[in-house]
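Below, all heavy atoms of this structure are taken into account, side chains as well, without hydrogens, waters or symmetry copies. First the proteins, then the strands, lettered A, B, ... as listed; each starts at 1.
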Amino acid sequence: MSEFTFLFRGRDQSASPDQMQKTMQKWVAWFKELNANGCIKYPGHPLEPTGKVVSGKAKAVHDGPYAEAKDVVGGYMLIEARDLAHAVEISKGCPILDVAGSVEVRPVQIMNM
Amino acid sequence: MELDDRLFRREAGRMVSALTRIFGVHNLALAEDVVQDAFCRALEVWGMRGAPDNPSAWLMTTARNRALDVLRRQRTAKTFAPELGRLLDSEWTLAPLVDEILAADAIQDSMLRMMFSCCHPRLSEPAQVALILNILCGFSVDEIASAFTSGHAAVEKRIMRGKKVLAESKRLFDTTVPADFSGRLPGVHRALYLLFNEGYHGASPAASVRLELCNEAIRLIAALLQHPLAMTPTTYALAALMTLTAARLPARTDSCGNLIALFEQDRTLWDRTRLDDGMRLLELSASGPELTAYHIEGAIASVHAMARRADDTDWSRIISLYDSLMRINGSPIVALNRAIAIAQRDGPERGLAAIEAIANPDRLAGYPFYPAALGELELRHGNPERARAHFEEALARARNPMERRFFEQRLAACEVPNARATVAQFWESGLDASQTDDEEEAAPSA
């Protein structure tokens, strides 16, 4: 088994409370399924769309992130899967895809020094 | 009792059960703390601004927010309900899951899980009943101690030990596995039956406490009957027995809290709604091959319920029901009840003979209604001298002020010439159908 990070993009932050509720229910259902299958390494968190970006040697602080709303990372989690193909298969259940968002599936890099 | 007290008591069981579902049964104390916090907060806020329109919802929301705080603060240090896995660790799922578990249907289910958990076979029956009262009915240790006329320390120890057993069982009873459910159901029936009997026949001198125990037992069995796997003829029979018996409560004591015997009760005070409910439940119990003691006791209660006047009671039917009960549960108390019914139908002499014929009467040694029954029949048979001796014995065995007053009144009746005409039937006070093996209940638990 290997670890993979899911980065979620394109969360709809402007949905009505009613839509929000429905969306949350879908997320919970998906998480329950992953939990039951033992896929969750760490469930991560959703992220606020705004924050700060600190960069460079000067440690400059800017409001961020600058990306287009659809490109902002809206949350993350760590999952366990056999391989990348399996992780991709798992990611296909993510409700974010229903609202035209995306899941970036990235293997955790093992640093062998 | 204050409105707040009643409300808190009713809500406590729901809230603790639901929160335990989230925190895990090993964190029962944490759930209780959160509920206690919500109650304190309510007293504070309602004291200033008045109670909200929907106090139950207010309490639940307050407990929910407090629970979320606790979960967020302690999730790295503590493990919560194992079946929820890592879902409480994440903001993706934390609040939606908590809300799911605090929704009305889910709470009902959590209460049942708690009820079944409290009836853990490793716990003695009195411990099961005490736990149910404490966790599901919001009774404090003192209230339970007074309801059972036991000492505070003994009850506290019993409850603490019970909660330890619960905590060790790792998770709340799973009510979704049919085989497990059916296996535990008889124990749950038994605990609710004992709870009800404690209210109806119990030792507490306070009529209000006893009434509350009866109402709690009926509330819990109604909750039990919401579950498809619990809708068995036996559950219906137990519910019928409780409901029909409880229907008589309004007529059972006078304004001073003195017992009024079944035959002297104003039957127009009987609760019609409960009688109708009880008869409906009894009908529902009459399917399938199983005939339990609850069925028969329910049927006996229904015979009383159907008699508009005491004289209309169908004693032959009652005697034959006691015969059936003897075959299932041949306890001397059932035999004593049967003897009383025989006396009602065939006269005191036949009743006395039936009492004499009871096998192993030594098991009735501590039971005050045994000598009282002899006294009553001797009195009716025209032997006030013998009757007096029996009533004195009953008085010496009386377990609470209510019984004491009752036997004193019976003793006084022995002095009245021609007492036969005024004799009070004492059926209701201790020889009621549903009290079948009181002496076992009265035995101190380990």
Side-chain angles (χ1 to χ4, degrees), chain A residues 1 3-13 15-51 73-81 90-91 93-99 101 103-104, chain B residues 18-27 54 57 60-61 64-65 67-110 113 170-177 180:
Chain A
M1 295 300 259
E3 285 177 38
F4 298 84
T5 298
F6 284 178
L7 298 173
F8 305 108
R9 288 194 173 80
R11 275 175 66 212
D12 187 1
Q13 303 275 359
S16 71
D18 200 39
Q19 283 171 312
M20 273 297 230
Q21 172 101 24
K22 287 208 178 85
T23 309
M24 282 323 296
Q25 280 167 358
K26 283 192 199 166
W27 278 88
V28 171
W30 186 50
F31 267 73
K32 278 185 178 170
E33 188 190 320
L34 296 183
N35 186 52
N37 296 337
C39 296
I40 298 180
K41 181 73 184 174
Y42 177 70
H45 295 292
L47 300 174
E48 291 282 351
T50 56
V73 174
Y76 67 101
M77 72 184 296
L78 256 71
I79 64 138
E80 274 193 312
I90 291 171
S91 77
C94 180
I96 208 158
L97 303 173
D98 298 346
V99 292
V103 184
E104 187 174 322
Chain B
L19 292 172
T20 303
R21 188 85 183 275
I22 300 168
F23 291 153
V25 72
H26 55 293
N27 287 316
N54 186 343
M60 197 55 96
T61 305
R64 167 199 184 265
N65 294 337
L68 285 175
D69 276 356
V70 168
L71 288 162
R72 287 190 177 116
R73 241 175 325 105
Q74 304 190 15
R75 63 186 161 203
T76 45
K78 265 197 162 86
T79 43
F80 296 104
E83 58 272 35
L84 298 179
R86 313 216 52 183
L87 300 178
L88 297 173
D89 293 347
S90 167
E91 289 301 324
W92 288 114
T93 39
L94 173 64
L97 255 186
V98 166
D99 287 341
E100 206 176 280
I101 292 171
L102 297 185
D105 297 1
I107 291 178
Q108 191 79 6
D109 183 53
S110 299
R113 284 169 193 253
K170 295 283 191 284
R171 56 182 69 193
L172 281 177
F173 188 88
D174 186 352
T175 49
T176 61
V177 184
D180 293 352

| field | Residue pair B:Leu88, B:Ile22: steps toward the side chain to side chain contact (heavy atoms under 4.5 Å, CB included) verdict | value | CA-CA 9 Å; B:Leu88 297 173; B:Ile22 300 168; 4.0 Å; yes
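- Heavy-atom distances place the backbone of A:Tyr76, and not its side chain, under 4.5 Å from chain B.
- For B:Glu100, the part lying near chain A is the side chain, with the backbone staying farther off; criterion is any non-hydrogen pair under 4.5 Å.
- For the pair B:Arg113 (side chain) and B:Leu172 (backbone), a donor-acceptor distance under 3.5 Å is absent.
- Of the two parts of B:Leu84, only the backbone, made up of N, CA, C and O, holds a non-hydrogen atom closer than 4.5 Å to a non-hydrogen atom of chain A.
- Relative ring orientation between A:Phe6 and A:Phe8 is described as perpendicular, the plane-to-plane angle rising above 60° on a 0-90° scale split at 30° and 60°.
- Counting only distance, with no hydrogens or angles, the side chain of B:Arg72 and the backbone of B:Leu94 share no donor-acceptor pair below 3.5 Å.
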